[in-house]
> 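One structure, pasted below without further comment.
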Amino acid sequence: RFGGLGAGVREMQTVAEELGRELVPTPLLGSAVVAVAALLTTGDDRACGRLLPDIASGARIATVAWTGEGGGWAPDAVAVCADADHRLTGKAHYVLDASAADVLLVAARRSDGIGLYQVDSNAPGVRRYVTATMDPTRRLGTVNLDGVLGDAAGSTVDLRAVRDVACAVLAAEQVGAAARALERTVEYSLSRMQFGRVIGSFQALKHRMADMYVRVEAARSAAYVAGDAIDAEDPGASTAVATAKVTCSRALKAVAAEMIQLHGGIGITWEHDAHLYFKRAHGDSLLFGAAGRHLARRQLTHS
C-alpha cells in the first residue's frame with residue numbers, strides 16, 4: 001500500500017546476497033532496508049505514505065542517523081536528543097550514505113522513549129561529513145544536529161526490530177561476498193601453475209578451500225534462518241539474527257583472509273580485488289554492532 005512489492009526480509013536477503021557478491025556500492029542497505037524498517041515500526045501511515053513510495057522507486061535515498069561514536073547500535077542508546085518542541089541536538093556516527101541521502105531520519109531520545117524524526121538535510125543546523133573508512137565500497141558519514149526542528153513519525157520507533165532486520169540483510173550480503181571470494185579463489189587455483197601443475201591439485205590447498213566452503217554454507221544457513229524467523233514473526237527471531245551476525249561476520253573474515261593467502265603474491269596487490277573483500281569483511285563485522293555484542297545478547301537470551 002506504500003508503493004512496494006510487499007516482499008519480506010528473505011526476498012531482500014536475496015537481493016543483498018547478489019549485491020554482496022560484487023561488493024556493489026549501493027545505498028540499498030541504508031535506504032531500502034534500515035530506513036524502511038524504521039518507518040514501518042512507527043506505525044505512522046502519514047509518514048509512510050509520504051516517504052515510502054519514493055524510497056521504493058529509488059527516486060529518493062533515505063538513511064537513519066542512530067548510533068554514537070562507539071558504534072554499538074544498541075536499541076536503547078541513541079546519539080541525538082529531542083526536546084519538547086521537537087528540536088534535535090547531537091552527533092550521529094557511521095550513518096550509511098549520509099552525504100547522498102535525500103531523506104534524513106533521526107532516532108532521538110525524548111522524555112517518553114525514542115522517537116523517529118524526519119529532518120530536512122539542508123536545514124540550518126544540519127552538518128554532514130563524509131567518514132574515512134577502511135572499506136571504500138561502503139559510504140559512511142557523520143551527521144551533526146544543532147537544535148534542528150524535526151517532524152515526528154509515530155509515537156516511538158522499535159530500534160530492536162530495525163536492528164534485527166538490518167543484521168539479517170547484512171548477513172546475506174556477507175554470504176554473497178564470501179561465496180564469490182571462494183569462487184574466485186577456486187578459479188585462480190585451477191589456472192595458477194606451480195611445479196608443473198595447477199596449485200588447486202595440491203591436497204593441502206584443497207583442504208583449505210573445503211574449509212572455506214563449509215564456512216560459506218554454514219553462514220548461508222544461518223542468514224536464511226534469521227530471515228525466515230523475522231518474516232514468520234518467530235519469538236526466537238532475535239536469537240537467530242544474533243547467530244547469523246556472528247556466524248556470517250566470522251565466515252567472511254576467514255574466507256577473505258584465505259582468499260588473499262591462496263592467491264599468493266597477487267593477492268596483496270591493489271590491482272587485485274582480494275583486498276576489497278578483506279576490507280568489506282572487517283567493515284561489515286562492526287556494522288550494526290560487533291560480533292561480540294551479538295554473541296553476548298544471544299547468550300543472555302539462552303541463560
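Values below: every heavy atom of this structure, side chains too, minus hydrogens, waters and symmetry copies. One-based numbering along the sequence shown.
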> Say whether Tyr277 and Met212 are linked into one hydrophobic cluster, either directly or through other cluster members, by side-chain heavy-atom distances under 4.5 angstrom.
no

> State yes or no: do Leu149 and Tyr117 share one hydrophobic cluster built from I, L, V, M, F, W and Y residues joined by side-chain heavy-atom distances below 4.5 Å, directly or via other members?
no

> Would Leu51 end up clustered with Val162 when hydrophobic side chains under 4.5 Å apart are linked, directly or stepwise?
yes

> Treating Thr185 as the side-chain partner and Ala181 as the backbone partner, does any N or O pair qualify as donor plus acceptor under 3.5 Å?
yes

> State yes or no: do Val106 and Trp66 share one hydrophobic cluster built from I, L, V, M, F, W and Y residues joined by side-chain heavy-atom distances below 4.5 Å, directly or via other members?
no

> Given 3.5 Å as the limit, does a donor-acceptor pair link the side chain of Asp44 with the main chain of Gly154, or not?
yes

> Give the minimum heavy-atom separation between Val95 and Val64, together with the two atoms involved.
CG1-O, 3.6 Å

> Tyr213 versus Leu182: any side-chain heavy-atom pair under 4.5 Å?
yes

> Work out which heavy atom in Ala62 is nearest to a heavy atom in Ala101; give both atom names and the distance.
C-CB, 4.4 Å

> Residues in salt bridge (Lys or Arg N to Asp or Glu O under 4.0 Å) with Asp231, at least two apart?
none

> Is there a donor-acceptor pair closer than 3.5 Å between any side-chain N or O of Arg180 and the backbone N or O of Val175?
no

> Is a donor from one side chain sitting under 3.5 angstrom from an acceptor on the other, for Tyr129 and Arg127?
yes

> For Tyr224 and Glu17, which I'm curious about, is there any donor-acceptor pair between the side chains at under 3.5 Å?
yes

> State the CD1-OG distance between Ile61 and Ser121, to the nearest 0.5 angstrom.
11.0 Å

> Let me see the working for Arg293 and Trp73 under side-chain contact (heavy atoms from CB on, under 4.5 Å), right down to the final yes or no.
CA-CA 10 Å; Arg293 294 179 183 268; Trp73 280 274; over 6 Å; no

> Side chains of Thr137 and Arg280: do they bring a donor and an acceptor to under 3.5 Å?
yes

> Check the pair Arg139 / Ser99 against side-chain contact (heavy atoms from CB on, under 4.5 Å), numbers first and verdict last.
CA-CA 8 Å; Arg139 294 176 294 231; Ser99 61; 5.6 Å; no

> Do Asp151 and His86 make a side-chain contact, defined as non-hydrogen atoms from C-beta onward lying under 4.5 Å apart?
no

> Let me see the working for Arg87 and Val148 under side-chain contact (heavy atoms from CB on, under 4.5 Å), right down to the final yes or no.
CA-CA 5 Å; Arg87 292 198 173 274; Val148 180; over 6 Å; no

> Taking 4.0 angstrom as the limit, do Arg128 and Asp97 come out as a salt bridge?
no

> A quick test of your reading: do over 12 heavy atoms of other residues, nucleotides or ligands sit less than 6.0 Å from CZ of Arg215?
no

> Working to the nearest 0.5 Å, report the span between CG of Leu28 and CE of Met12.
5.5 Å

> First locate atom CD1 of Ile266, then atom NE2 of His263, and finally report the distance between them rounded to the nearest 0.5 Å.
7.0 Å

> Taking C-beta and beyond as the side chain, do Val34 and Thr63 meet within less than 4.5 Å on heavy atoms?
no

> What's the spacing between Asp273 CG and Glu22 CD if we round to 0.5 Å?
8.5 Å

> For the backbone of Glu217 and the side chain of Ser221, can you confirm whether one donor and one acceptor N or O come within less than 3.5 Å of each other?
yes

> Atom CG of Asp83 and atom CG of Leu88: how far apart are they, to the nearest 0.5 Å?
8.0 Å

> Please name the pair of heavy atoms, one in Leu39 and one in Ala47, separated by the smallest distance, quoted to 0.1 Å.
CD2-CB, 4.4 Å

> Under 4.5 Å between any side-chain heavy atoms of Leu145 and Thr89, yes or no?
no

> Can any side-chain N or O of Arg163 pair as donor or acceptor with the backbone N or O of Phe288 at less than 3.5 Å?
no

> Roughly how far apart are Leu170 CG and Gln13 CD, rounded to 0.5 Å?
10.5 Å

> Please say whether more than 12 non-hydrogen atoms of neighbouring residues, nucleotides or ligands are located less than 6.0 Å from CZ in Phe2.
yes

> Is Leu40 reachable from Val165 through a run of hydrophobic residues whose side-chain heavy atoms are each under 4.5 Å from the next?
yes

> Is any NZ, NE, NH1 or NH2 atom of the basic residue among Glu183 and Arg21 found under 4.0 Å from an Asp or Glu carboxylate oxygen of the other?
yes

> With sequence neighbours excluded, give me every ring-ring contact (aromatic ring centres under 6.0 Å, His included) pair touching residues 226-262.
none

> Would you mind checking if Asp76 and Arg109 are paired as a salt bridge, meaning a charged N to carboxylate O distance below 4.0 Å?
no

> Just so I know, are the side chains of Lys91 and His93 near enough to count as touching, which here means a heavy-atom distance under 4.5 Å?
yes

> Decide side-chain contact (heavy atoms from CB on, under 4.5 Å) for Val78 and Thr67; before the verdict, give the C-alpha distance in whole Å, the side-chain angles of both, and the deciding distance to 0.1 Å.
CA-CA 5 Å; Val78 293; Thr67 193; over 6 Å; no

> Val126 versus Val119: any side-chain heavy-atom pair under 4.5 Å?
yes

> Please tabulate, for side-chain N and O atoms in residues 245-255, each donor-acceptor pair with protein atoms closer than 3.5 Å (sequence neighbours left out).
{"from": "Lys245", "atom 1": "NZ", "to": "Ser249", "atom 2": "OG", "distance (Å)": "3.4"}
{"from": "Lys245", "atom 1": "NZ", "to": "Asp284", "atom 2": "O", "distance (Å)": "3.2"}
{"from": "Lys245", "atom 1": "NZ", "to": "Ser285", "atom 2": "O", "distance (Å)": "3.2"}
{"from": "Lys245", "atom 1": "NZ", "to": "Leu287", "atom 2": "O", "distance (Å)": "3.2"}
{"from": "Lys245", "atom 1": "NZ", "to": "Gly289", "atom 2": "O", "distance (Å)": "3.1"}
{"from": "Thr247", "atom 1": "OG1", "to": "Thr243", "atom 2": "O", "distance (Å)": "2.8"}
{"from": "Ser249", "atom 1": "OG", "to": "Gln174", "atom 2": "NE2", "distance (Å)": "3.2"}
{"from": "Ser249", "atom 1": "OG", "to": "Lys245", "atom 2": "O", "distance (Å)": "2.7"}

> What pair of heavy atoms forms the shortest contact from Gly3 to Ala56, and how long is it?
O-CB, 3.8 Å

> To check you understand the geometry: which heavy-atom pair defines the closest contact between Asp234 and Gly236, and what is its length?
OD1-N, 2.7 Å

> Taking all non-hydrogen atoms of both residues into account, name the closest pair between Val157 and Ala38 and its distance.
CG2-O, 3.7 Å

> May I ask you to test the Thr156-Ile114 pair for a side-chain heavy-atom distance under 4.5 Å?
no

> Is any side-chain heavy atom of Arg138 closer than 4.5 Å to one of Lys279?
no

